[in-house]
2 protein chains.
Amino acid sequence: MVENIDKYELILSSSRKLIEEIGFSALTMDKVAQKAGIAKGTVYLYFKDKDELLEKVLSSGFERMFERIQNRVAKESGGINKLKALIGENINHIYENRYFFKTIFLDEVNVVFLKKKSKESFNLRRKRYTDFIGEIIKSGIDSGEFRSDLYPAKGGYMLVSLIKTGAIYNFLNDRFEPVPEMIEKDTEEILNLFLHGISVK
Amino acid sequence: MVENIDKYELILSSSRKLIEEIGFSALTMDKVAQKAGIAKGTVYLYFKDKDELLEKVLSSGFERMFERIQNRVAKESGGINKLKALIGENINHIYENRYFFKTIFLDEVNVVFLKKKSKESFNLRRKRYTDFIGEIIKSGIDSGEFRSDLYPAKGGYMLVSLIKTGAIYNFLNDRFEPVPEMIEKDTEEILNLFLHGISVK
DNA sequence: TATTATAATGACTTAAAAGTCATAATACAA
DNA sequence: TTGTATTATGACTTTTAAGTCATTATAATA
C-alpha cells in the first residue's frame, strides 16, 4: 500500500465531495477516481477496497467532529453548561457540513453498504460519543444537577438522537442554510427539552 | 399486472421474513422468489420492480403499526395519558416485530435503496405519524398541560426519535427479547424524559 | 371436450460496478 | 546517465443481480 499522504487525502476529500453531490449509494470507484483526477487502479493503491474507503470517510469526519466538541466542552464547567456547549457545537458542525449530513440523515443512511467489520467500528464511534455525554450526565447526577433514574449512557444516546432529529426536522422544512439565530434557538430548544421536557412546570 | 391477493401477500410476507433473516441489502429478487416457492418472473407479475416491492413492504408495515397506535391512543383522554399509551404501544410493536426493526434500526437503514419517489412516500409516512403526535401535543398545549414554546410537529419528531433510540439502545445492549416489565419501564422512562427532562425538579 | 385466456416459469439478456494486472511513467540512486 | 524501484494507468475480467420473454401449465368458458 502506497503512502503518499497528499494523494490519500485527495481521494478522501474527493469521495466526501461526491457523497455530498450524489450520495453514498451512487458512489462508484470509477467516479471517485474521476473526481480525484486519477486512475481507478490508483485508488486501490491507497485503499484496500470500497468498504475501507467509505469507512475512512466516515471515521475521519467523526474524529474531526468529536475533537471540536470535546475541546469546546472542556472550556465549560457544570453539567448544564457543558451540555449546552455540546449541543451548540454539534449543531454548528452539522450546519457547517450540511451537504454531507443532509445525505447521511435524509437521502440515505449510514451503514447499509458497509461490511460487518466497518459496521462495528461505526457503532463503536457512536458509543464513544454517547459515553462522553454519559460522563457529563453522570457528573451532573453526582453533583445533584440531574435526575439519577436515567442511565447516563442511555441519556447520551437520547441526546445525540435529539440533536440529529432537530437537524432532520430543519432540513425537511427547508431550513438548510445556517442562520446564527436559528442555531442559537435550536440549541436552547434541545437543551430545554432534554433538561425540562415539554411539561409545564 | 396479475391480481391474486394471496400470492401478492405471499410475496410480501416472504420478503419480510427474508429481510429479518438477511437484511435489506442482501435481498435479491431471486431469493424472494425462492423463499416464496415461485419463479422469479412471477414476482414481476405482482410487483413492477424491486423498488415497488420494498416500498410495499415498508408501507404495509407502517400502516399496521400506525393503525394499532391510533386505536390505542383513541381510548385515552388527556395529553399525558395519550402520549403514554402511544409510547407503550409503539415500543410493544417494535418488540413484537423486533427482528424486522433490528434490521431497520441497526444493521442497515431505511431508504438507501429506494428510488426518489419511494423515498418521498417514506418521508410522508413519517410525517403522518409525527403530525399525529403533534396534534396530541397541540391539544395538551391548549389545555395547559404542555409548554407552548416547542412547535408541536417538531415535538412529534423528537418523541418518535426518542422511542426509536430507546429501542436501539436496548438492542445494542443485548436486551432483545421482550420482557413486559422492561417495556413498561422503558415507556415510563421515555414519557418521563419527554415530559420532564433529566433535570431535578 | 376443445378453445381461449390467464398465470407461471426459468433460462437468458443486460447492465453496472468492483476489483485486477500487464504495461507505462516517474522518481530516485548509483 | 543509466538502471532500479516506486507509483500510476485504464482496458479487461469477474461477479452479481435486475429485469425480460418465449414457452409451458393451468383455469375458465363454450
Side-chain angles (χ1 to χ4, degrees), chain A residues 1-58 103 107-108 111-119, chain B residues 1-58 103 107-108 111-119:
Chain A
M1 199 127 290
V2 179
E3 286 188 31
N4 174 342
I5 188 70
D6 286 347
K7 195 148 282 185
Y8 181 91
E9 288 297 336
L10 170 68
I11 295 169
L12 269 191
S13 65
S14 302
S15 303
R16 227 177 272 128
K17 275 180 215 147
L18 261 179
I19 290 166
E20 292 179 355
E21 288 165 21
I22 63 174
F24 268 99
S25 56
L27 192 88
T28 68
M29 295 305 255
D30 283 286
K31 283 176 188 162
V32 168
Q34 194 187 23
K35 187 87 179 175
I38 59 179
K40 181 156 73 154
T42 308
V43 177
Y44 282 90
L45 295 177
Y46 292 86
F47 298 90
K48 190 173 112 272
D49 54 24
K50 191 184 178 185
D51 191 65
E52 183 176 298
L53 172 60
L54 291 178
E55 157 65 17
K56 293 298 180 205
V57 167
L58 290 172
T103 293
D107 297 341
E108 356 215 314
V111 281
V112 77
F113 15 72
L114 296 181
K115 291 180 191 159
K116 195 159 181 289
K117 213 181 146 193
S118 299
K119 276 183 199 174
Chain B
M1 198 124 295
V2 178
E3 286 188 32
N4 174 342
I5 188 70
D6 287 345
K7 195 146 281 183
Y8 181 91
E9 288 297 336
L10 170 69
I11 296 169
L12 269 191
S13 63
S14 302
S15 305
R16 228 177 271 130
K17 278 180 213 148
L18 261 179
I19 290 166
E20 293 179 356
E21 287 166 21
I22 62 174
F24 268 101
S25 55
L27 191 89
T28 68
M29 296 303 255
D30 282 287
K31 285 176 187 162
V32 167
Q34 194 187 24
K35 187 86 179 175
I38 58 178
K40 181 155 73 155
T42 308
V43 178
Y44 283 90
L45 295 178
Y46 293 86
F47 298 90
K48 193 173 109 273
D49 53 25
K50 191 183 178 186
D51 191 65
E52 183 177 298
L53 173 59
L54 292 178
E55 157 64 17
K56 293 300 181 204
V57 168
L58 290 172
T103 294
D107 298 341
E108 355 216 316
V111 281
V112 77
F113 16 73
L114 296 181
K115 290 179 191 158
K116 194 157 182 291
K117 215 182 145 197
S118 299
K119 277 184 199 173

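Below, chain A is the first sequence line, B the second, and so on; all start at residue 1. Since this is a predicted model, take the numbers as computed values, not measurements. All values below were derived from every heavy atom in this structure, side-chain atoms included, with hydrogens, water molecules and symmetry-related copies excluded.
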Once you round it to whole Å, what is the distance between [atom2] of [N] and [atom1] of [X]?
X: Leu45(A); N: dA5(D); atom1: CG; atom2: C1'; result: 14 Å
X: Asp6(A); N: dT6(D); atom1: CG; atom2: C1'; result: 17 Å
X: Lys31(A); N: dA18(C); atom1: NZ; atom2: C1'; result: 14 Å
X: Lys48(B); N: dA18(D); atom1: NZ; atom2: C1'; result: 13 Å
X: Leu27(B); N: dG19(D); atom1: CG; atom2: C1'; result: 15 Å
X: Ile22(B); N: dT16(D); atom1: CD1; atom2: P; result: 14 Å
X: Phe47(A); N: dA8(D); atom1: CZ; atom2: P; result: 13 Å
X: Ile38(A); N: dA24(C); atom1: CD1; atom2: C1'; result: 17 Å

Sugar-phosphate, base or nothing in reach of Leu53(A), heavy atoms under 4.0 Å: nothing

Sugar-phosphate only, base, or nothing, as touched by Tyr46(A) at under 4.0 Å among non-hydrogen atoms: sugar-phosphate

Any N/O donor-acceptor pair, Lys7(B) side-chain to dA7(C) base, under 3.5 Å: no

Side-chain-base donor-acceptor pair under 3.5 Å for Lys50(A) and dA17(C): no

Heavy-atom protein contacts under 4.0 Å, nucleotides 21-28 of chain D, coded B base, S sugar-phosphate only, - none: --------

Side-chain contact, heavy-atom cut-off 4.5 Å: [X] with [Y]?
X: Glu9(A); Y: Leu12(A); answer: yes
X: Phe24(A); Y: Leu58(A); answer: yes
X: Asn4(B); Y: Leu45(B); answer: no

Set of residues satisfying ring-ring contact (aromatic ring centres under 6.0 Å, His included) with respect to Phe47(B), sequence neighbours excluded: Tyr8(B)

Which atom of Ser15(B) lies closest to which atom of Leu27(B), heavy atoms considered: O-CD1, 4.1 Å

Shortest non-hydrogen contact from Thr103(B) toward Gly23(B): CG2-CA, 3.7 Å

Candidates dG10(C), dA17(D), dG19(C) - which lies nearest the side chain of Asp49(A): dG19(C)

Cut-off 3.5 Å, no hydrogens considered: what does the side-chain donor-acceptor table look like for residues 29-36 of chain A, sequence neighbours left out?
| unit_1 | atom_1 | unit_2 | atom_2 | d |
| --- | --- | --- | --- | --- |
| Asp30(A) | OD2 | Lys40(A) | NZ | 3.3 |
| Lys31(A) | NZ | Ala26(A) | O | 3.1 |
| Lys35(A) | NZ | Glu21(A) | OE1 | 3.1 |
| Lys35(A) | NZ | Glu21(A) | OE2 | 2.8 |

